[in-house]
Structures are given as C-alpha cells and as structure tokens.
Amino acid sequence: MPEAASFDILAIAAHRDDVEQTCGGTLLKMAECGRRTAILDLTQGEMGTRGTIEDRAREADEAARILRVGWRRALDIPDGRVENTYDNRLKIARMIRELRPRVLILPYWQARHPDHATASMLGYEAAFLAGLAKLDLGVPPHRPYKIVYASLYADVRPTFVVDISAQFDTRFAALMAYRSQYQDREQGSKLFPREAEIRERLAAMAGFYGLLAGVRYAEPFVQKEVGLVEDLLAIPVQSI
Ligand SMILES: [Zn+2]
C-alpha cells in the first residue's frame, strides 16, 4: 500500500472484511469515478476462528487491490475488545488528520457485535478530535465534511442507498479474497457457509436495498442530517 496522502473517502471499520461486506461496492464505484479511497481497520483479526494475522493482512491487501482502494492499514486495537478510550480516539484522529478525507464512512451505531457499535462511536469522536486546532498530534487539524453510516448489519431503514449493480460481482470477489475465512473446508463448515450460499445471501441483501430504489443491487447508508434539494425535478427514485 502506498503512503498516506489526501483522500476523498475513508471507511473505518472494526474488522478486516467488514468494509467489504457493508460498503465495498460503494468504495469501488467511487474509485471508478476517480475518487481516492482508503480503509482503516481498527483491529488485526487475531480472534478470528480461522487463519493467522498474517493471512488476514495478505487477504485484506488483496481485497483492497480488487476494490481499487488506494490505502489500507489495520491499527493494533485488540480484536473483540474495541473500546472507546481516549488513547484509541487519538490513534484514529491522527489517521484522519494524515488521510484528510472529505467523507468518512463509519459502521452504523447499533449492532449485534459490540466492536461494530463501538467502532461507530470511536470514529465519530475521533473525527471531532481531529478537527480541534489546539490538539497537538504532530499533524495539522482536519475534520471530515460528511459522515455517513454503513447500515447493512443493522435493521434500519437507510436514508439513501448507492447503486452497486455494476460493482456487485467485483465486491463479491473482494470478499472471497479472504480465503482463510470463506474457503470451503469441512472443519467449521456450519459457521462458514459455502461460497454459493454466501453469494446468494449477499445478493438477497443487496437486492432488497436495490429494490427500495428501483435498481438491482445497492448498499444502504444512514446520514443524521436532512437531505438538501436544489431542483425538485432531479430527485431520484420513483414514488408511484
Ligand atoms: Zn466485524
């Protein structure tokens, strides 16, 4: 991965392969539009049932290459113990300052896995700290303009969805780059469904969100702010 520079979009998530599942298609679509994208994983995945940290690092790099992500790194926050501490907020704030994203994608703030919910709060508070002029982190202050929450893991109605019909297959390939997690093996096969089943499940989820907006496949997001409209004639998604 090349060194940090200025990026348009930064996606932060608790675990390697979270981003691939929740907003990988959107990152790929943005890269295809010429946007510079980056991923910051908070943990290295040492609690994963399968594979080593080295396996997961290699797989994460391969997935990033497939999604045309320009920069990716994993912090050393303990897997399964992502905590909203000041130290962790500072670690993330420093990365936000180095990467200078305009848009920050965080996990939705309610989640079954505590790491996902905490990563959301941590990311938000880190983004706030990153903008404080008097907080000296050795990197100039920067606050993202926009925060959106990838809500695929949460049972909430999205504020908007991104059409990933053209990116669905490549996003699936990025997820399958995590061979140690998803490859067919007898051991633990109940926990890790076979590739065809994973694909069917992903297609069902993406198809559901696509249907809400009249496209084939989509990824859901929540924004806390209201939408702002200039031209009523340009609002997408048919009503009746
Ligand atoms: Zn996760």
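Side chains are part of it too, since the values below use all heavy atoms of this structure and drop only hydrogens, waters and symmetry mates. Ligands are counted one by one from 1 in listed order, and the atoms in each one are counted from 1 as well. Since the structure is predicted, the reported quantities are computational estimates derived from the model, not experimental observations.
- When every heavy atom of Glu46 is checked against every heavy atom of Asp79, the shortest pair comes out as OE2-N, 2.9 Å.
- When the Zn ion (ligand 1) is compared with the N/O/S atoms of His15, atom ND1 turns out nearest.
- Residue Asp17 does not count as close to the Zn ion (ligand 1), with no N, O or S atom under 2.8 Å.
- Between Trp109 and Tyr149, the ring planes lie perpendicular to each other; the angle is over 60°, past the 30° to 60° tilted range.
- More than 12 heavy atoms of other shown residues, nucleotides or ligands fall within 6.0 angstrom of atom CZ in Arg199.
- Looking at His142, its side chain does come within 3.5 Å of a backbone N or O of Pro101 through a donor-acceptor pair.
- Taking the Zn ion (ligand 1) as reference, the nearest N/O/S atom within Asp18 carries the name OD1.
- Backbone or side-chain N, O or S atoms of His113 do not reach the Zn ion (ligand 1) at under 2.8 Å.
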